[in-house]
Student: 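Just passing along the structure, written as structure tokens.
The structure presented is a predicted model; accordingly, all values stated were derived computationally and were not measured. Throughout, protein chains are lettered first and strands after them, A, B, ... in sequence-line order, and every chain is numbered starting at 1. Hydrogens, waters and symmetry mates play no part in the numbers below; they use all other heavy atoms, side chains included.
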Amino acid sequence: MAAHLSYGRVNLNVLREAVRRELREFLDKCAGSKAIVWDEYLTGPFGLIAQYSLLKEHEVEKMFTLKGSRLPAADVKNIIFFVRPRLELMDIIAENVLSEDRRGPARDFHILFVPRRSLLCEQRLKDLGVLGSFIHREEYSLDLIPFDGDLLSMESEGAFKECYLDGDQTSLYHAAKGLMTLQALYGTIPQIFGKGECARQVANMMIRMKREFTGSQNSVFPVFDNLLLLDRNVDLLTPLATQLTYEGLIDEIYGIQNSYVKLPPEKFVPKKQGDSGKELPTEAKKLQLNSAEELYAEIRDKNFNAVGSVLSKKAKIISAAFEERHNAKTVGEIKQFVSQLPHMQAARGSLANHTSIAELIKDVTTSEDFFDKLTVEQEFMSGIDTDKVNNYIEDCIAQKHPLIKVLRLVCLQSVCNSGLKQKVLDYYKREVLQTYGYEHILTLHNLEKAGLLKPQTGGRNSYPTIRKTLRLWMDDVNEQVLFPFNYCTEPHGHLLCVQWLRPAQRAAGPAAVTARLAEHRGSPSHPPRAPL
Amino acid sequence: MNRTKGDEEEYWNSSKFKAFTFDDEDDELSQLKESKRAVNSLRDFVDDDDDDELERVSWSGEPVGSISWSIKETAGHSGSTHEGREQLKSRNSFSSYAQLPKPSSTYSLSSFFRGRTRPGSFQSLSDALSDTPAKSYAPELGRPKGEYRDYSNDWSPSDTVRRLRKGKVCSLERFRSLQDKLQLLEEAESMHDGNVITAVLIFLKRTLSKEILFRELEVRQVALRHLIHFLKEIGDQKLLIDLFRFLDRTEELALSHYREHLNIQDPEKRKEFLKTCISLPFSAEDSAHIQDHYTLLERQIIIEANDRHLESAGQTEIFRKHPRKASILNMPLVTTLFYSCFYHYAEAEGTFSSPINLKKTFKIPDKQYVLTALAARAKLRAWHDVDALFTTKNWLGYTKKRAPIGFHRVVEILHKNSAPVQILQEYVNLVEDVDTKLNLATKFKCHDVVIDTCRDLKDRQQLLAYRSKVDKGSAEEEKIDAILSSLQIRWKN
């Protein structure tokens with residue numbers, strides 16, 4: 001059992017167990033020995049809910065990654081494809097199936113679409129002449145994956161792009177569906193608040209889905225009091241700024257994927273005498289990061305500057321605990337000490353890991369360039385010189401820093417200035433195209449379409465007003481205190497939530513904030529919904 | 001799926017209709033089926049746990065037994081050739097997709113579920129070998145009664161859409177009138193389920209004329225966006241462009257056409273394609289960029305042919321000493337400028353490959369030009385060129401050093417290219433701001449500059465501090481001592 005999921009106020013193991021059960025049931029439908037062919041992308045999310053042992057219990061003997069041409073040989077009765085509904089994957093599957101058919105004894109093929117079947121994909125399989133080869137074609141809606149005691153994720157990285165660039169709102173449908181499942185398990189959530197167009201649509205879909213099942217009364221006592229839906233589009237600022245919490249920095253620098261991070265191995269070699277560092281591991285060190293780890297739970301949301309002192313405090317406590325052994329005189333005392341050993345050793349291991357990670361991060365955060373970047377970000381967010389071409393951004397382009405870094409800064413400036421002056425925008429565009437290639441005209445257009453980058457219209461910058469009214473920015477924050485909002489650079493995210501939740505708790509409409517925000521995004525505001 | 005466990009299921013599993021399940025009774029509820037099942041399962045989940053507190057972790061940190069770990073373990077090596085897949089891809093994707101023959105009744109979702117009936121399909125051999133020819137392939141098909149109902153024509157568009165959403169059998173063919181079809185589309189739209197919207201759109205695309213389809217979609221933005229997305233996905237560039245033209249979205253049309261160049265590998269063909277993009281209705285600035293893109297590639301093709309020849313002839317020193325690492329084709333403008341500063345610096349302005357010519361043609365700003373030239377010449381350790389880059393003569397004939405990028409940047413670039421201390425020193429001295437100068441000098445160990453600056457600042461303390469940093473008995477130490485003991489200087493501290 002994933003114990004950390006039950007630490008929170010809501011036991012999320014219930015949900016995890018529900019999705020595991022569904023997986024087992026699907027596997028049992030395909031009687032006999034099995035091989036699973038994985039769309040590699042899915043192994044991450046599935047890893048969060050199941051281990052190989054679960055699959056093995058259900059006669060899964062082999063697992064492969066989905067690749068072109070033939071499948072590796074496997075002496076099994078069933079071959080099951082676990083895939084996302086993507087056209088290009090259908091082509092590969094068809095190729096696999098066709099070459100397998102030529103090979104000899106008939107197998108049973110099945111497809112499990114995650115998160116759902118797609119008519120378009122089935123049409124493609126049909127056109128390729130293989131649709132009939134599949135006995136079971138089912139869907140497995142892994143909509144909300146339990147991540148932590150207080151966190152669920154859809155692990156749907158492309159959702160924003162799909163909604164705002166492609167105009168495909170299917171991910172909203174999945175969000176609504178996931179929330180319906182959640183309500184089936186934890187009771188109907190009595191109140192829903194939302195902000196932004198997409199939030200409204202999710203709420204509408206939920207109401208609609210609810211209406212369709214009027215027959216079934218949900219008798220579970222509601223565990224959640226409120227549901228707050230926020231459209232990312234309401235706050236484009238937060239994701240552009242550099243994250244400054246411990247977890248945020250790990251993500252910025254190494255990238256956290258499905259709760260795992262891959263780190264350079266050198267720092268994690270156990271220091272032993274004898275083997276004088278001959279065999280340096282070349283494979284990246286992979287660590288899982290979640291609140292199951294006591295220490296990580298404590299420091300993950302802290303500003304990075306506060307992490308060092310926590311780590312050293314922990315180190316003192318642990319070494320003091322190990323010193324205890326000298327005081328243990330009687331057999332009883334020794335026994336007690338020994339019984340605590342496993343826990344202490346785990347704590348020591350965890351401390352060693354996080355000390356190494358903190359060192360790696362510190363190398364970056366103490367660099368001059370990191371400091372410069374942060375300074376520029378903070379200037380933009382406090383509204384300084386957002387209407388001019390910025391020197392630092394210019395330098396970054398000249399030195400050909402990663403394009404993503406440059407674009408993040410340019411977009412940040414655009415958001416903080418309610419759009420860039422045409423002259424400034426044209427200048428950046430030109431520099432980017434000349435340095436990174438003209439084909440990025442497409443990239444820049446996409447950014448404009450998503451609203452991340454835009455020319456200023458109307459000649460008025462409303463950002464300073466919003467910043468003041470909503471108090472998005474705090475000066476003189478003590479980084480060591482508990483709620484370093486802006487030092488987490490989640491200025492909008494956090495504060496928005498706080499501002500929203502407060503009125504929600506008073507069961508009054510957050511009309512005031514809505515009105516103020518309406519000016520910000522220009523999106524229609526809407527009152528909180530009646531209980532569903 | 002109201003699957004009552006026990007004998008009923010056993011019957012279906014053992015019979016030839018093994019894939020059947022019942023699901024009509026709880027049609028309304030099937031949305032919540034997983035949740036309900038989950039709730040029912042809560043009782044026993046505590047005891048059947050399989051992954052454990054004592055998780056073993058392999059060195060890479062991947063818990064032993066995790067899914068990605070076991071793929072590596074169980075799969076071993078599988079030699080896969082990519083060509084086959086590419087072939088298949090090119091055969092099936094893009095334009096050919098739309099032209100693939102459709103079954104006689106054309107698009108009917110119910111035909112999905114009828115198993116191996118396609119004549120002449122690849123499976124005929126395995127069909128013959130198979131001992132259960134009557135297999136059904138419809139896991140969620142409903143009982144036969146449901147099938148009849150499917151053809152009873154009494155389903156409203158909203159019923160149909162609901163069934164589609166659950167991935168069920170449903171024929172759209174019976175919606176014949178335009179009004180019915182549009183109602184179907186609106187129903188689908190209101191669900192925001194892209195899967196269903198797309199299914200309906202495929203149906204409409206096939207049964208409506210282009211003009212009518214476009215006209216109706218123009219007032220249905222959600223569906224319109226899905227159609228555009230769908231056309232992009234299947235690569236139906238032609239219809240997409242027709243659509244943009246109809247909607248008068250000229251810029252999107254232009255971009256969509258331009259995007260195609262990324263799929264063209266051959267440089268000549270790509271160049272020709274870019275030429276066709278120039279006249280497209282881009283905005284004024286973009287238009288200029290596209291023109292530049294074309295001109296740049298045209299240049300690169302000429303330079304590449306010429307230089308490849310020079311390099312293989314082996315007569316030119318620069319190519320012998322510094323063989324080219326990659327072709328210059330399709331590189332960004334600034335990279336091209338760097339290349340030309342590296343290999344063709346001294347060339348006269350008339351040649352296509354000369355840096356000055358590039359600068360003029362593409363109106364490269366001074367700053368950008370100087371930075372790039374500096375980096376290229378410093379890499380070659382051509383300090384004379386570096387010197388010339390910053391030397392300007394005024395009308396009296398005096399020479400003066402000027403750098404549009406600021407000398408602190410010059411120093412940093414020189415240092416990155418490991419310039420000798422004498423050269424660095426010269427440029428550190430040109431930095432105007434005293435603090436910056438001192439910092440840079442300290443950072444790059446330009447002792448003379450540090451010592452002189454401290455003397456000029458009359459900062460005895462700092463000089464004393466610096467004395468501890470230089471080598472014992474070195475010339476620098478002597479110099480510091482001489483200054484410290486000098487009586488001419490009135491120290492400020």
Student: Could you tell me whether the side chain of B:P332 reaches within less than 4.5 Å of the side chain of A:T435, counting heavy atoms only?
Tutor: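 Of all side-chain heavy-atom pairs linking B:P332 with A:T435, none is under 4.5 Å.
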
Student: Within this structure, what is the CZ-CD distance for the pair B:R259 and A:E439, rounded to the nearest 0.5 Å?
Tutor: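 Rounded to the nearest 0.5 Å, the CZ-CD separation comes out at 12.0 Å.
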
Student: Calculate, to the nearest 0.5 Å, the distance between atoms OG1 and CD belonging to B:T198 and A:Q123 respectively.
Tutor: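 Taking OG1 in B:T198 and CD in A:Q123, the distance rounds to 12.0 Å.
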
Student: Considering only heavy atoms, which portion of B:E252 lies under 4.5 Å from any heavy atom of chain A: side chain, backbone, both, or neither?
Tutor: side chain

Student: Can you tell me how far the CG atom of B:N195 sits from the CD atom of A:E122, to the nearest 0.5 Å?
Tutor: 8.5 Å

Student: Working to the nearest 0.5 Å, report the span between CD1 of B:I413 and CD of A:Q399.
Tutor: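 One finds 7.0 Å between CD1 of B:I413 and CD of A:Q399.
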
Student: Going through the distances and angles, do B:H289 and A:R430 end up as a side chain to side chain contact (heavy atoms under 4.5 Å, CB included)?
Tutor: CA-CA 8 Å; B:H289 293 315; A:R430 196 189 145 89; 4.0 Å; yes

Student: Are A:E431 and B:P365 side-chain neighbours, meaning at least one heavy-atom pair lies under 4.5 Å?
Tutor: yes

Student: Provide the closest heavy-atom pair for A:Y438 versus B:F362 in the form atom of the first, atom of the second, distance.
Tutor: OH-CD2, 4.0 Å

Student: Identify which one of B:R225, B:E233, B:H226 satisfies the side-chain contact (heavy atoms from CB on, under 4.5 Å) criterion when paired with A:D168.
Tutor: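 Result for side-chain contact (heavy atoms from CB on, under 4.5 Å) with A:D168: B:H226.
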
Student: Are the side chains of A:L442 and B:L262 in contact, using a 4.5 Å heavy-atom criterion?
Tutor: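 Yes - at least one pair of side-chain heavy atoms lies under 4.5 Å apart.
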
Student: Would B:T335 and A:K400 count as a side chain to side chain contact (heavy atoms under 4.5 Å, CB included) here? Give the steps.
Tutor: CA-CA 10 Å; B:T335 314; A:K400 223 171 172 186; 3.3 Å; yes

Student: Among B:M331, B:R409, B:E251, who wins on heavy-atom pairs under 4.5 Å with chain A?
Tutor: B:R409

Student: Side chain to side chain contact (heavy atoms under 4.5 Å, CB included) for A:L433 and B:D292? Distances and angles first, verdict last.
Tutor: CA-CA 10 Å; A:L433 295 180; B:D292 281 352; over 6 Å; no

Student: Side chain from CB out, backbone as N, CA, C, O: work out which of these in B:L255 comes under 4.5 Å of a heavy atom of chain A, or both, or neither.
Tutor: both

Student: Going by side-chain contact (heavy atoms from CB on, under 4.5 Å), B:E285 matches just one of A:I441, A:D426, A:L425. Which one?
Tutor: A:D426

Student: Could you grab the distance from atom CG of B:L201 to atom CG of A:L119, nearest 0.5 Å is fine?
Tutor: 12.0 Å

Student: Quick check on B:K416 against chain A: is it the side chain, the backbone, both or neither that has a heavy atom closer than 4.5 Å?
Tutor: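 Contact with chain A involves the side chain of B:K416 alone.
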
Student: Under 4.5 Å from any heavy atom of chain A, what part of B:S190 do you find: side chain, backbone, both or neither?
Tutor: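 Looking at B:S190, backbone and side chain both touch chain A.
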
Student: For each of A:L172, A:D395, A:L444, tally heavy-atom pairs with chain B at distances under 4.5 Å, and name the one with the top tally.
Tutor: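 Ranked by heavy-atom pairs under 4.5 Å with chain B, first place is A:D395.
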
Student: Verify the neighbour count for atom CD of B:Q221: are there more than 12 heavy atoms of other residues, nucleotides or ligands below 6.0 Å?
Tutor: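 Yes, the 6.0 Å shell around CD holds more than 12 heavy atoms from other groups.
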
Student: Between A:L87 and B:I234, is a side chain to side chain contact (heavy atoms under 4.5 Å, CB included) present by the stated rule, with each step listed?
Tutor: CA-CA 8 Å; A:L87 287 179; B:I234 64 167; 4.0 Å; yes

Student: A:K449 versus chain B, heavy atoms under 4.5 Å apart: side chain, backbone, both or neither?
Tutor: side chain

Student: Considering only heavy atoms, which portion of A:E162 lies under 4.5 Å from any heavy atom of chain B: side chain, backbone, both, or neither?
Tutor: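 Nothing of A:E162, per the 4.5 Å heavy-atom cut-off to chain B.
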
